[in-house]
Number of protein chains: 2
Amino acid sequence: MSPSIKDVAVRAGVSVGTVSNVLNHPERVTENTRAAVLSAISTLGFVRNSSAAQLRAGTSRSLGLIVLDLSNPFFHDVARGVEHVADELGYAVVLCNSDDQTARENRYLQVLEEQRVRGVLITPIEVSSDRLDALRRRGTPAVLVDRHDPRVNCCSVAVDDVAGGELAGAHLVAQGHERIVYYSGPPNLSQCADRLTGLRRAVASAGLDPDEAVEVVEVPVMNARSTHDLARARFADGDDTPGAFCANDLMALGVLRAALSTGRRVPGDLALVGYDDIEFAADAAVPLTSIRQPTQQIGRAAAQLLVEECDNPETHAHQQVMFKPELVTRDSTTPE
Amino acid sequence: MSPSIKDVAVRAGVSVGTVSNVLNHPERVTENTRAAVLSAISTLGFVRNSSAAQLRAGTSRSLGLIVLDLSNPFFHDVARGVEHVADELGYAVVLCNSDDQTARENRYLQVLEEQRVRGVLITPIEVSSDRLDALRRRGTPAVLVDRHDPRVNCCSVAVDDVAGGELAGAHLVAQGHERIVYYSGPPNLSQCADRLTGLRRAVASAGLDPDEAVEVVEVPVMNARSTHDLARARFADGDDTPGAFCANDLMALGVLRAALSTGRRVPGDLALVGYDDIEFAADAAVPLTSIRQPTQQIGRAAAQLLVEECDNPETHAHQQVMFKPELVTRDSTTPE
DNA sequence: ACTCGTGAATGAAACGTTTCACGATCTCCA
DNA sequence: TGGAGATCGTGAAACGTTTCATTCACGAGT
């Protein structure tokens, strides 16, 4: 078995309390004894048992973060933001990937609660989850990431998707395109629906009729291949709509490839706007105009809200933070 | 404070030992008492305190996984493989991202050891790390991922990079290209060096002189943009080498864009091979021929080795597993 | 010489589990 | 009827920390 604080105490000729003080309150201990204890620690190779420490202390300094999909750069950046703030404030982050499976999400919530994390950051699969409600009822604060709670029962941090759609729409209209295809994901995803709302709003405020100017194409799986296949079929059928807006960049890359391989010039024949501004957007065959979300900031803000709630449970007031997205213009809409 | 096993015991009218049995050995307990205990648990909203459990049990059922860079799809897939196996064997995985910083790597090693994880899977920044040696000396098994230990002191799982380079080289030569540019990363990375070795070997065994047929271009940062800039400059200078092999797919995408934008046809004027077969390779402007590594399998194998060592510490013999990469042929080398 | 105050170290209690040797109760059969 | 098993449940000990009231040692001030 690995040596305990007791072994260290014996070796250094002091009591266990003193060893603990060296570890946690070095200033309470004399230079000499501290040195003796530290040397005992290193010769024995002592490593503190955090289970015991946390059991006694009753509370941990760690946060749980449950994201939908770590392979999505969006969530990866969010996580980075969270870790950064947590680091600064002396919290550890337990990173969990629910992979869009309710079973996994629930399991992780259970594990995090058993570990007595101070709080949880989560992009839930369903906005209202019994498991999550129970957690919060028992006193573990939670913050929603990239989602809003319809009943405003906890803090949340998200991005204004309507505004994002509006940015894209306004940009396309400003380039003179009066007909736009919107490649959407499943319409029950609020992100997809909101972006469409924004797009239609932009079109309307340019004096066009949204019902005529905007055509919605629902793509079942929001990836490049699936979108490519759909778009290619449309192009083969003679689709010559001059503008396209995609619910994410991967989809836009699919449309781009379909367009180029059917002899269309981008942006000459087709102006294309994506969403998310993923790293590769700038490096695509035609660099992609996209809507950038402040991903790291989302993570940072969420972590700050959570820690604030953990530290001041009584005075805390729930907040719904909403960031604004930003248009990044590249070759896919603006001729060089 | 949240209710403890004691509160549950009182509520259900049984002893704490019985509650513990319901939790851990349900078969030792009568149908009736089990029901009573479970109902007490749910009305009180009891959640087991894993610190206490682990403290008493002395050992945990969790593994640590430290990767270099979670934003790299390669490591993401490895992690997926690890989680899958761990799940099956009833282990939890603590996922850590060292982000290529020694300080972070050391901090995580410390945390994992304090948590008394059963074992650690790691892609270390330096192959020989004092911190890691110490960990293993104190009895926590470790397995190297995507690295080999020169002193064969622990298990490791990696991919044969020489073979990968050879595959790429043989393929390009078979297509009739007798001059090849190798876009390499920093040559002190064994991955880059090994792939070059393989490439030269393939060229040589086709009867060509490697020194003449292979030109090495060192790209300082292994991403798309940096490679694009370098390649574009070369193309502008009139480079007309018919074959190119890149140390990873992002670099290949950079070369691809540079080639297309300077009017070259791919594969007509330039045949291009990448490495890693990242998800986007198939969806690039010209779908990319690439060398696929069995990423998930790496993770699975590593996890299996680790668990094996954890379960049979005495009989265990260290193994160095080496996977073979695979050529995936797409349009960037084969005319349609 | 005596007390007081201060700073350092002590040691026992407590945290919430799991474990295990030990009772209690019941069943079955001689 | 009695005793041997088998089956359930009990309760105290133990895990390795942290905390905190207490003790100790040592100078300074009267």
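Keep in mind the model is a prediction, meaning the values are calculated, not measured. Residue numbering restarts at 1 for every chain, and letters A, B, ... go by the order of the sequence lines.
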**OP:** For DNA chain C, find the residues of residues 53-63 of chain A with a heavy-atom distance under 4.0 Å and give them by number; none if there aren't any.
**Re:** A/Leu55, A/Arg56
Original post:
Of all of residues 10-21 of chain B, which get a heavy atom below 4.0 angstrom from DNA chain C, listed by number?
Top reply: B/Gly17, B/Ser20
Original post:
Got a donor-acceptor contact below 3.5 angstrom from the A/Asn312 side chain to the A/Thr315 backbone?
Top reply: no
Subject >> Backbone N/O of A/Val67 and side chain of A/Ser98: donor-acceptor pair under 3.5 Å >> reply: yes
Donor-acceptor contacts under 3.5 Å from residues 141-148 of chain A side chains, at least two apart:
from	atom 1	to	atom 2	distance (Å)
A/His148	ND1	A/Ser156	OG	2.6
A/His148	ND1	A/Gln320	NE2	3.4

Original post:
Per the end-axis method with five pairs at each terminus, what is the bend angle of the helix from C/dA1-D/dT30 to C/dA30-D/dT1, to 10°?
Top reply: 60°
Side-chain donor/acceptor pairs under 3.5 Å, residues 78-88 of chain B, sequence neighbours excluded:
from	atom 1	to	atom 2	distance (Å)
B/Arg80	NH1	A/Asp99	OD2	3.0
B/Glu83	OE1	A/Arg104	NH2	3.2
B/Glu83	OE2	A/Tyr108	OH	3.4
B/Asp87	OD2	A/Arg107	NH2	3.4

**OP:** Not counting sequence neighbours, which residues clear ring pair (Phe, Tyr, Trp, His ring centres under 6.0 Å) with B/His318? List them please.
**Re:** B/His316
Original post:
Which of residues 41-50 of chain A have a heavy atom under 4.0 Å from DNA chain C?
Top reply: none
**OP:** Quick one: list whatever passes salt bridge (charged side-chain N to carboxylate O under 4.0 Å, His left out) with B/Arg151, sequence neighbours left out.
**Re:** B/Asp133, B/Asp149
**OP:** For the pair A/Glu113 and A/Arg131, find out whether any cationic side-chain nitrogen is under 4.0 Å from an anionic carboxylate oxygen.
**Re:** yes
Subject >> Positional range of nucleotides in DNA chain C within the contact set of chain A, heavy-atom, under 4.0 Å >> reply: C/dA8 to C/dG16
Original post:
Sequence neighbours excluded, which residues qualify as side-chain hydrogen bond (donor to acceptor under 3.5 Å, both in side chains) partners of B/Ser20?
Top reply: B/Asn24
Subject >> Sequence-distant partners of B/Asp276, side-chain hydrogen bond (donor to acceptor under 3.5 Å, both in side chains), two or more places apart >> reply: B/Gln293
Grab the N/O contacts between the protein and nucleotides 5-8 of chain D below 3.5 Å, and write none if there aren't any.
from	atom 1	to	atom 2	distance (Å)
D/dC8	O3'	B/Thr30	OG1	2.9

